Amino acid sequence: MGRLGLIAADFMLSFMWVWSGSLTKLFVVRYLGYGSDPKGEVLKYALQILVLFFFVWVGKMTKGGSFNPLPTLANAISGSFTGFLFAVAARIPAQVLGSIIGVSLLKQTFPEIGHGPRLNVDIHKGALTEGILAFVVGFVTLGLAWKDPNNFFIKTWISTMAKLSLHILGSDLTGGVMNPASAMGWAYARGDHITKEHLFVYWLAPLEATLLCSWVFKLVVRPQKLKEQQGVDDKKKSD
C-alpha cells in the first residue's frame with residue numbers, strides 16, 4: 001500500500017473507531033436494556049475486545065493503518081526522517097480529521113450518544129494520568145513487537161487486555177482515552193478543542209510520554225540486543 005493508501009486507511013480507521021465505541025455502548029445500554037447493570041459492563045468490555053481485534057486485523061491488512069497518533073508517532077521515531085515527516089504532516093492530521101468527521105456524523109445520527117470523554121480532575125492530575133497510561137501501553141506494544149512480532153493472536157490479546165485495563169483505570173479521571181485524535185474529535189464537537197486543558201491532557205502529555213517511552217525502550221533493548229548478538233558471534237567462533 002502506497003502513502004496515499006495509508007493516509008486513506010488512517011482516515012477511515014479513525015472514523016470507524018469513534019463510531020465503534022459509541023455504537024457498542026448504545027447497543028448494550030439502549031437496545032439490550034442493561035443500563036448500568038454489571039452484566040452490561042461485562043458484555044460491553046467483551047465486545048470492545050472483539051472490536052480491538054478487528055481494528056488490529058484491519059491495520060495489518062492495510063500494512064500499518066492506524067486510528068491512533070501515538071503508535072504512529074512511536075513507529076515514525078524509530079524510522080527515517082522522511083517517514084517521520086510523513087507521519088507528522090500527513091498521517092496524524094488524517095487521523096484527527098477522520099475522528100472529527102466521525103464524531104460529527106455520529107452526533108447527527110444519534111443525538112443522544114453523549115459528549116465523549118471529559119476531564120474530571122484538575123489539569124495536572126489529568127496530564128499525569130494520560131501520560132502514564134500512554135507510557136505503559138506504548139511500552140507493552142513495543143515490547144510485544146520486539147519479543148514476538150509474528151504471533152498475531154497472542155500479541156493482540158495481550159495488547160488488547162492491557163489497553164482495556166488501562167482504559168478502565170483512567171475512565172473516571174480522564175476517560176482513559178490514550179488517543180489524541182479521538183479526544184480531538186469529541187472536543188471539537190463540544191467546542192473546547194483549543195482549551196489549555198484539552199491540549200495539555202490529551203495531546204501534550206501522551207505525546208511526550210510516547211517519546212519518553214520510545215527513548216527508554218531503546219535504552220533497555222539495545223544492550224540486550226548487543227548481548228544476544230555477542231552470544232551469537234561467540235557461538236560462531238567456537239564452532
Side-chain angles (χ1 to χ4, degrees), residues 10-11 13-22 24-25 48 51-52 55 59 65-77 84 87-107 113-142 159-160 162-215:
D10 289 340
F11 176 87
L13 283 171
S14 300
F15 181 96
M16 293 163 59
W17 175 252
V18 294
W19 273 73
S20 66
S22 298
T24 298
K25 186 183 298 183
Q48 287 179 353
V51 167
L52 280 168
F55 275 92
S66 176
F67 56 87
N68 193 337
L70 299 183
T72 301
L73 180 63
N75 292 329
I77 292 171
F84 176 79
V88 173
R91 294 193 63 189
I92 292 177
Q95 292 165 352
V96 172
L97 185 62
S99 298
I100 290 175
I101 294 176
V103 172
S104 177
L105 293 178
L106 180 65
K107 290 183 70 65
I113 204 66
H115 302 286
R118 286 192 174 186
L119 183 63
N120 297 317
V121 293
D122 64 72
I123 187 172
H124 300 97
K125 290 181 181 178
L128 182 62
T129 300
E130 283 292 317
I132 292 174
L133 296 180
F135 182 90
V136 174
V137 75
F139 209 87
V140 170
T141 302
L142 290 173
S159 176
T160 298
K163 291 175 183 177
L164 186 59
S165 300
L166 292 169
H167 167 72
I168 294 172
L169 289 174
S171 59
D172 291 335
L173 303 176
T174 62
V177 184
M178 299 174 288
N179 185 335
S182 178
M184 172 62 85
W186 288 104
Y188 187 86
R190 296 192 303 265
D192 58 9
H193 57 290
I194 56 173
T195 61
K196 180 176 67 175
E197 289 77 9
H198 172 74
L199 295 176
F200 271 71
V201 174
Y202 297 105
W203 277 97
L204 186 61
L207 288 176
E208 286 186 346
T210 300
L211 293 173
L212 179 62
C213 174
S214 299
W215 180 68

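Since the model is a prediction, treat every value here as computed from it, not as a measurement. Just so you know, these numbers use all the heavy atoms, side chains as well, and skip hydrogens, waters and symmetry mates.
The number of heavy atoms from other shown groups lying within 6.0 Å of NZ (Lys25) does not exceed 12.
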Side chain to side chain contact (heavy atoms under 4.5 Å, CB included) evaluation trace for Asp192 with Trp186: CA-CA 9 Å; Asp192 58 9; Trp186 288 104; over 6 Å; no
Worked verdict on Phe84 versus Leu73 for side chain to side chain contact (heavy atoms under 4.5 Å, CB included): CA-CA 8 Å; Phe84 176 79; Leu73 180 63; 3.8 Å; yes
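Taken from CG in Leu211 to CD1 in Ile77, the straight-line distance is 4.0 Å, to the nearest 0.5 Å. The distance from the CE atom of Met184 to the OG atom of Ser14 is 12.5 Å, given to the nearest 0.5 Å. Annotation: the span from Gln48 atom CD to Ile168 atom CD1 amounts to 8.0 Å, rounded to 0.5 Å. Rounding to the nearest 0.5 Å gives a distance of 8.0 Å between OG of Ser66 and CG of Asn75. Taken from OG in Ser104 to OH in Tyr188, the straight-line distance is 8.0 Å, to the nearest 0.5 Å. Residue Leu166 holds its CG atom at 11.0 Å from OG of Ser171, rounded to the nearest 0.5 Å.
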Using a 3.5 Å cut-off and no angle test, enumerate the donor-acceptor pairs between side-chain atoms of residues 130-138 and protein atoms at least two apart in sequence or in another chain.
| residue | atom | partner | partner atom | Å |
| --- | --- | --- | --- | --- |
| Glu130 | OE1 | Met178 | N | 3.0 |
| Glu130 | OE2 | Thr174 | OG1 | 2.6 |
| Glu130 | OE2 | Val177 | N | 3.2 |

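Considering only heavy atoms from C-beta on, Thr210 stays 4.5 Å or farther from Leu212 through its side chain. Within the 4.5 Å cutoff, no side-chain heavy atoms of Pro180 are placed close to those of Gln95.
Each side-chain hydrogen bond (donor to acceptor under 3.5 Å, both in side chains) pair with one or both residues in residues 114-126, not counting sequence neighbours, would appear here, but there are none.
Between Asn179 and Pro69 the shortest heavy-atom distance is OD1-CD, 3.4 Å. Minimum interatomic distance between Ser182 and Ser99 (heavy atoms only, all atoms of both residues): N-OG, 3.7 Å. Annotation for Thr72 and Ala87: closest pair CG2-CB, 4.0 Å, computed over non-hydrogen atoms. When every heavy atom of Ser22 is checked against every heavy atom of Val18, the shortest pair comes out as OG-O, 3.4 Å. Across His193 and Leu199, no two heavy atoms sit closer than the pair O-CD2, 3.8 Å. Closest of all the heavy-atom pairs between Pro93 and Val88 is CD-O, 3.3 Å.
The side chain to side chain donor-acceptor pair (under 3.5 Å) search around Trp19 returns none, not counting sequence neighbours. Residues satisfying the side-chain contact (heavy atoms from CB on, under 4.5 Å) test with Ile101, not counting sequence neighbours, are Phe11, Phe15, Leu97, Leu105. Considering only residues two or more places apart in sequence or on other chains, Ile123 meets the side-chain contact (heavy atoms from CB on, under 4.5 Å) condition with Lys196, Glu197, Phe200, Val201. Among residues two or more places apart in sequence or in another chain, the salt bridge (Lys or Arg N to Asp or Glu O under 4.0 Å) test is passed with Asp172 by none.
Between Phe67 and Phe55, the angle of the ring planes goes over 60°, which puts this pair in the perpendicular group of the 30/60° scheme.
In this structure, the side chain of His167 engages the main chain of Gly176 through a donor-acceptor pair within 3.5 Å.
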